Amino acid sequence: MTTTGEERERAFDHGEVEPRWQAAWDEADVFRIDDDATDPEYVLAMFPYTSGQLHMGHVRNYTITDAFARFERMRGKDVLHPMGWDSFGLPAENAAEERDTNPRDWTMQCIDQMRDQFVEMGFGYDWEREVTTCEPEYYQWNQWLFKQFREAGLVERQGAELNWCPSCETVLADEQVEEGEAPEEPHGDGGAVEVCWRCDTPIDHREMDQWFLTITDYAEELLDALDDLDGWPNNVQEMQRNWIGQQEGASVAFEVGEYGEVDIFTTRLDTIHGATYFSLAPGHPVAQEIAEENDEVREYVEMAEEADEDDLDVTSGVFTGEYATNPATGEEIPVYVADYVLTDVGTGALYAVPAHDDRDHEFAEYHDIDIQQVVEPAPDADPEDIDVQEEAYTEDGVLVNSGEFDGLTSAEAREEFVEVFDGEHRTEYNLRDWGISRQRYWGTPIPMIHCEDCGYVEVPDEDLPVELPEFVHTTGNPLDAAEEWKHVDCPDCGADAVRETDTMDTFVDSSWYFLRYVSPELEDAPFDTERASDWMPVDRYVGGIEHAVMHLLYARFFTKVLDDVDLLDGVREPFVNLTNQGMVLGENGNKMSKSKGNGVSPQRIIEEYGADTARLFIMEAAQPEKEFAWSPEGVQSSHSFLQNIYRLTDEFADGKIAFGDEGQIADYVAREIDATAARATEEYEKFRFNHALQAVRELVSLLRRYREATDPDAETFERGLVTAAKLLAPVAPHVGEELWERLDGEGLVAEAGWPSADAPADYDIERRLVENTREDVRDIVDTVGIEDPETITLAVAPAWKHDVVDIAREADNVVPAVMQNEELQQYGEAAADFAKTLAGRANLDEHLPPERELAALVRAAWLVEREFSADVVVESADEADDGLASKAEPGRPAIDIES
RNA sequence: GCGAGGGUAGCCAAGCCUGGAAACGGCGGCGGACUCAAGAUCCGCUCCUGUAGAGGUCCAAGGGUUCAAAUCCCUUCCCUCGCACCA
C-alpha cells in the first residue's frame, strides 16, 4: 500500500492540519458539558480495557459515538460524551510479571498512550470527566457500594468451584486454564485436558467460599424488562433471555427410602404417572449421603465429580439400591445417581419419564428400565402413530394410563396435578448468583475483615478506601503475601484479624462507571443522585457484542439495585439504545489477527492518510452493526474524497472560480442542497452514517458539475460547500474545520449550527421525472445511434391529460368516468384514447401539475445539455408542435431529437 | 435440538417494516475529456436483445396471495451467530 515514486500531491497536509484543530477544540472547550445542563444527550462508548494497544475495533467503536455526539452537538443539544479506562484486570498483572514492573505503572503508561491516540483520532471527549477504575478515588466506591448491597441483603457467601493448580498452589482464572496434553490419560479417551498456563500441570477443581451478589433476586425483572428495551438489538435481548433462562414448572416431593422427602423440579408434571425411575445428581445431598454407605455409588460420585463436563454421556449412572415412591401411582421406582442430572439445575433431583423425554429414554434403554407411555398426541390418535418404546414422544398431548386423569390435556394436567400431588408452582432460572471474588491482585479489595471471634466484619466507612498494597511478585495471590497489609485489628473486638485478600471481579467496575461520569470528582458519594437521575439513562450506547450478556446484564442489575436503595430516582434501565458495532475484518475477509498477519495498525493509517481518512473510510464502509473487510482501495477512495472536497473549496476561497448569475441551474442546485441536508440528517439520526456520507459525496459531485457547466452563482455555490462541510464534519472533523475556515465560517464548525433540513416539496417526484427523462433521452440516442444530437426538445403534457390521470386514479371504470367529464369531452377522441391507455395500466404514479413539471425540466435541462452537448428546449404543451405534444404524458415529456 | 439474523448483478452493499419502473452507492472493469506524458480530476457505460424512449430475463430454490412481489405468506436448501446433558 506504500506509494510508489514520489509523494502524491496533496491538497492539504493532514499531519499539519489535524493537531492544529485538536488544539483548537481543546482551547475552546468544545466538548465540555456543564454540570447544570438539563438532561443532555448521553452518548457513550464502552470504555476500553487498558491494553495500551489501540486497534481497528476501537477506532470503529469510538468513531461511531464521536460522530454521533458531534452531530447532536451541532444540532444544538447538550451532549455528554465522556471517556474512561477499564483498568483493573489480570492482563496487567501478567504484563507486570513479564516486564518486571508492577500493574499500576504498566496500566498508567497504557492509559497515557491510549489517551494520546484518542486525541490523535480527533475523538472529542470531556476529559474533565475522565474516570479510571484502578484509582482509589474510583474503586473506593466499589467498596462502598459493596457494603450498600450487603445492607440490602444482596451479598452472600457461597461455595463455588474454582480452578486450582496443585503445583503452583493457586487459584486460576478461567483465562489461565489452557487446553493441554496430559502426561497420562486418566480416562483414556484421548481428549484434551485442562492445564495450568504456567506449568502445564493438569488442574483440579476446588470448592471454596466466595462472595456473591445475588443477582438472581432480580432475575424476574431483568427478564421481563427486556421486552421493553425496544432500542436494543434482537439478538442481545435473546442472548440475555437465554442466559437468564426462565423455566416455568412445579416441584413435588418424592419419598426416597429412609432418606425422607426429596423435592424434584419438573416442567412436565403431566407425565408423572409415567415416571419409572428416579434420578439424583452426583452433587445432590442425598446422593452424597448414599455414597457414604454404598461403595459403588461413592466411586461413581467421585468419578463424576472429577470428570470434565462433557466426558460422560447420558447413559452414565449407577443404581443406588434405593427406591422412591411415585406419589401418582404409589409404585416403588428405582433411584439412580446419574451425571446427566445437574446439581445446580432445578433441585438436582428428578423423576424420569423415559416415554416422554429423550435423555430419560436413552438412559432407560441402557439400564433396561420400563418405558411407560402416559401421553398420546390426540384423543383419537392412531395407537400405531407413535411407539414410545422406540423413541420418546416429547410433545404435549392427552393423558392415557393415568388413572382417573385420562383424557386431560397436558396443560390441564400440569395445572391440576400441582394440587393433587401437593406440589407448588415454581419458576426456575438458569441465571446463577454473581461470584465476584477473584484471587488476584489487580482489582478492588473486598472491604471485609475476618476475625476468629466475630466472623466477617465490614471495614468501617471511615477506613475506606482499602487501598492496594505494593505489588508482590509471587505465584499465588499477591495480597495473601502482603503480610503487613493483611493483618489488622478487628473493627468490632480489636483482636488480631485478617483482611479479605480476594479482589472484586472487574465487571463490578464497569457496572456503574456510566454513573460516575456524571459527577467524577464527587468525594462523598459515588455519584450525584439528582443529576444522575436527570442525565440517565444513556441515550446511545455502543460497544462490542462480546458484552451482550455479562457486562450489559450486570449494569442493568446494578441500576435496578441503585434505584431500589434510592441512590437513583426512577432509573430502572441504564441504556436505552444499544448498538453493537460489527467487526473490522482483514483485507482477506478474515478476522484481523497477529498470527494471520492481516492486521492493520491504526497508527500507521493515521500517519499515512490522517485520522479523518480512517474515520471516513470506516463510516462509509458499512452500517455500524455490520462487519466489513478492510480495503486499501476503500481507504484510498475516502482519502481522495477528502482531498477533492478540500481542493474544490480551496479554489472557491482563492477566487479561482469565475462566478455568474443566478439562474435555472442555481435553482436546481439549491434544491439539491436542501434535499441533501434533509437526507443526511435523517440518516445520521438513524445511525446510518454510510448513507449520510453517500449523500454528501453526491452533493460535492453535483457542485463540481455545476462549476463545469457554467459560471456558478457564488452564493449558491458557497451554500453548497458550507452544507457539505457541515454534513461531513461529524465524521471527518479536522477536514470539516479546515473547510469551514476556508469558507470564512465563524468560530469552529464543531460548534456551528446544523444545516436546516427540509427537502423541497415533491422533491422525490421531481427527481424521478428528471432521472426518467434523462434516461429516456439516453435510450433514444443510444438505440437510434444518433451520433451528434443538436437540439433536444422536451414537451410537457397538456393540462387536460393531467386531469385525465387524476380521474383515472380514482375511478374503477376509467373510460366512462373520463368521458362523462364535461371539461374533458372537448378533447374527444384524444381524451378517450388516452383514457383507454391508462385503463390498461395497473398503477398510476403521482405526478406534478404541468407548470411545475415544466419548471422542473427547465431547471434540469443543463444536465441533458451537458451530457449530449446539445441544445435543450423545454416547452409547454401550448408552445410545442402538436404532433410532439400529443405524445407527452404526465410524468413523461415528449422527446424530439434533431441531429 | 432450540433461538436470532442472513442469502440482491464480478466483489462490497442499499432497498424489504409501509408491495408499484433492471434494483442507490462504492470498488473493480470498459470507453471518453483534459494532458507532450504519467498521476490527479471530470463525463459516460458496465444482465441480454433492440435504427425513438421497446422487449426479454432477473434479487438462494420452489409454490402461493395480488392488477402488481426483491419486498407479504408457505415449503426447501445454504450461511453466520447465540444457547444447549436445563428436568
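Heavy atoms only: backbone and side chains are in, while hydrogens, waters and symmetry mates are out. Being a predicted model, the structure only gives us computed values, none of them experimental.
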Cation-pi check, A/Arg697 onto A/Phe641 ring (under 6.0 Å, within 45° of axis) = yes
remark   = Rounded to whole Å, the CE-P distance (A/Met583 to B/U80) equals 13 Å
On the side chain of [X], is there an atom forming a donor-acceptor pair with the base of [N] - under 3.5 Å, no angle test?
X	N	answer
A/Asp779	B/G53	no
A/Arg768	B/A21	yes
A/Asn772	B/A21	yes
A/Asp339	B/C85	yes

Nearest to the side chain of [X] - [options]?
X	options	result
A/Gln694	B/G82, B/G25, B/C27	B/G25
A/Arg778	B/C45, B/A21, B/A87	B/C45
A/Ile895	B/G53, B/G44, B/A87	B/G53
A/Glu708	B/G44, B/C24, B/C42	B/C42

task = Could you check if a side-chain atom of A/Leu728 sits within less than 4.5 angstrom of a side-chain atom of A/Leu693, using non-hydrogen atoms only?
result = yes
Partners meeting side chain to side chain contact (heavy atoms under 4.5 Å, CB included) with A/Asp344 (sequence neighbours left out) = A/Leu342, A/Arg432
message = Show the nearest heavy-atom pair for residues A/Ala888 and A/Val796, with the distance to one decimal.
response = CB-C, 3.9 Å
For [X], which contact category applies under a 4.0 Å heavy-atom criterion: base, sugar-phosphate, or nothing?
X	result
A/Ser640	sugar-phosphate
A/Asp896	base
A/Val341	base
A/Arg697	nothing

ask   = Going through the checks in order, is the side chain to side chain donor-acceptor pair (under 3.5 Å) test met by A/Tyr340 and A/Glu362?
value = CA-CA 11 Å; A/Tyr340 81 88; A/Glu362 204 178 329; over 6 Å; no
key: Phosphate OP1/OP2 of B/G5: any A/Asn234 side-chain N/O under 4.0 Å   = yes
task = Could you tell me whether the side chains of A/Gln372 and A/Thr276 share a donor-acceptor contact shorter than 3.5 Å?
result = no
Protein proximity profile, nucleotides 13-19 of chain B - base contact B, sugar-phosphate-only contact S, no contact -, cut-off 4.0 Å on heavy atoms = -SS----
